[in-house]
Amino acid sequence: FSTTKGVVATVVHRLVDRGELAYDDPVIKYWPEFGSATKDQITIRHLLTHQAAMHAIRPLVQSAETMLDWDAMVSLLADAEPAWEPGTRSGYHALTYGWLIGEVIRRITGLTVNEAVQREVVEPLGLDSLFIGLAPKDRDRVADLYFNPKSDQRLLGTFRRLERFD
């Protein structure tokens, strides 16, 4: 539901503010493997503004379970080709945004996305309920998500497949 995109972008903005990266830096400055498949000119700005042309996930993964493996996903994205010339138009990076921005954050800070969010956003603001990835001990704090399975059978199938990873 894209609720964490702004939070993750805030981490990037704080890193930029401290001079640890710049919006117009090429992604390969921090993530060299990303430069394959004509992606060497994609910038941090392209990632943040959904102009990297790296929005398509279906061609990359064979099963939803692959999306649970961080290293596999960043490797697949590093090897993937952009859908068009980056920077020439936008395409909502609904699912790929987290891995793309998150891997840049990880390469710069050495922290997972959640650890960076804790350091850069949660702790400075004194929050206690913002996580990207949740420890089992905190799962009782999560609100239940209800949906009508009659209105979307595909969504129900996805939840059933992922349920076994709980």
Side-chain angles (χ1 to χ4, degrees), residues 1-136 138 158 162 165:
F1 302 120
S2 298
T3 59
T4 58
K5 284 182 178 70
V7 175
V8 173
T10 299
V11 172
V12 172
H13 299 317
R14 289 185 48 91
L15 295 173
V16 168
D17 192 50
R18 286 200 302 269
E20 295 183 45
L21 79 157
Y23 297 118
D24 292 318
D25 284 346
V27 173
I28 61 169
K29 180 176 180 180
Y30 309 100
W31 181 7
E33 302 87 346
F34 186 76
S36 69
T38 70
K39 296 189 306 295
D40 57 322
Q41 298 301 310
I42 294 178
T43 65
I44 303 300
R45 184 181 308 276
H46 291 140
L47 296 183
L48 287 170
T49 61
H50 303 266
Q51 293 184 30
M54 299 296 300
H55 62 288
I57 197 164
R58 286 183 189 252
L60 299 180
V61 298
Q62 299 302 311
S63 70
E65 289 82 10
T66 303
M67 295 187 294
L68 299 173
D69 184 337
W70 183 272
D71 293 330
M73 287 305 301
V74 298
S75 179
L76 288 168
L77 286 163
D79 292 340
E81 292 187 25
W84 55 76
E85 183 182 341
T88 61
R89 57 192 243 219
S90 296
Y92 187 50
H93 292 57
L95 297 177
T96 59
Y97 187 92
W99 292 293
L100 293 167
I101 296 290
E103 185 63 9
V104 171
I105 290 169
R106 189 184 72 78
R107 298 286 179 118
I108 292 170
T109 66
L111 303 172
T112 66
V113 173
N114 184 56
E115 290 167 343
V117 166
Q118 298 305 307
R119 182 183 84 182
E120 300 294 336
V121 179
V122 173
E123 292 167 10
L125 293 176
L127 304 176
D128 73 345
S129 297
L130 174 59
F131 307 95
I132 297 182
L134 191 62
D138 291 317
T158 300
L162 293 176
F165 293 100

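By convention here, the first residue in the shown sequence is residue 1.
Atom CG of Leu95 is separated from atom CZ of Arg58 by 9.5 Å, given to the nearest 0.5 angstrom. Interatomic distance, CG of Asp71 versus CH2 of Trp99, reported as 12.5 Å (0.5 Å rounding). Between the CZ atom of Phe34 and the CD1 atom of Ile28 there is a distance of 9.5 Å, given to the nearest 0.5 Å. Separating the CD atom in Gln51 from the OG1 atom in Thr43 is a distance of 8.5 Å, to the nearest 0.5 Å. Here the CG atom belonging to Leu60 is positioned 10.5 Å from the CE atom belonging to Met67, to the nearest 0.5 angstrom.
By the side-chain contact (heavy atoms from CB on, under 4.5 Å) test, Ala9 is found to be paired with His13, Leu48, Tyr97, residues two or more places apart in sequence or in another chain being considered. In this view, His93 and His50, His55 satisfy the ring-ring contact (aromatic ring centres under 6.0 Å, His included) rule, not counting sequence neighbours. Listed by chain and residue number, nothing satisfies the ring-ring contact (aromatic ring centres under 6.0 Å, His included) test with Phe131 (two or more places apart in sequence, or in another chain). Legend: residues meeting side chain to side chain donor-acceptor pair (under 3.5 Å) with Thr88, ordered by chain and number and at least two apart, are absent. Not counting sequence neighbours, the partners of Glu20 by the salt bridge (charged side-chain N to carboxylate O under 4.0 Å, His left out) test are Arg18. For the side-chain contact (heavy atoms from CB on, under 4.5 Å) test, residues two or more places apart in sequence or in another chain that qualify with Ser63 are Glu65, Thr66. Judged as a side-chain contact (heavy atoms from CB on, under 4.5 Å), and not counting sequence neighbours, the contacts of Val16 are Val12, Leu21, Tyr23. Applying the salt bridge (charged side-chain N to carboxylate O under 4.0 Å, His left out) rule to Asp25 yields the partners Lys29; only residues at least two apart in sequence or on another chain are considered. With sequence neighbours excluded, no residue forms a salt bridge (charged side-chain N to carboxylate O under 4.0 Å, His left out) with Glu85. Evaluation of the salt bridge (charged side-chain N to carboxylate O under 4.0 Å, His left out) rule for Arg14 yields Glu120 as partners, not counting sequence neighbours.
The two residues Ile105 and Ala116 have their closest heavy-atom pair at CG2-CB, 3.5 Å. In terms of heavy-atom proximity, Lys39 sits nearest to Pro82 at CG-CD, 3.6 Å. Across every non-hydrogen atom of Thr96 and Ala56, the tightest pair is CG2-O, 4.4 Å. Listed here is the closest heavy atom pair of Trp84 and Ala53: O-CB, 3.4 Å. Closest approach of Val7 to Val121, counting heavy atoms only: O-CG2, 4.3 Å. Leu47 and Ala52 get closest at one heavy-atom pair: CD2-CB, 3.7 Å.
Just one of Val113, Val8, Val11 meets the side-chain contact (heavy atoms from CB on, under 4.5 Å) condition when paired with Ile101; it is Val8.
Annotation: salt bridge (charged side-chain N to carboxylate O under 4.0 Å, His left out) contacts involving residues 41-50, sequence neighbours excluded, comprise Asp24-Arg45. Residue pairs meeting the salt bridge (charged side-chain N to carboxylate O under 4.0 Å, His left out) criterion with at least one member in residues 104-113, sequence neighbours excluded: Glu33-Arg107, Glu103-Arg106, Glu103-Arg107.
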For this session: Start with the C-alpha gap between Leu100 and Val104, add the side-chain angles, then the distance that decides, and say whether side chain to side chain contact (heavy atoms under 4.5 Å, CB included) holds.
Result: CA-CA 7 Å; Leu100 293 167; Val104 171; over 6 Å; no
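No donor-acceptor pair closer than 3.5 Å links the side chain of Ser2 to the backbone N or O of Lys5.
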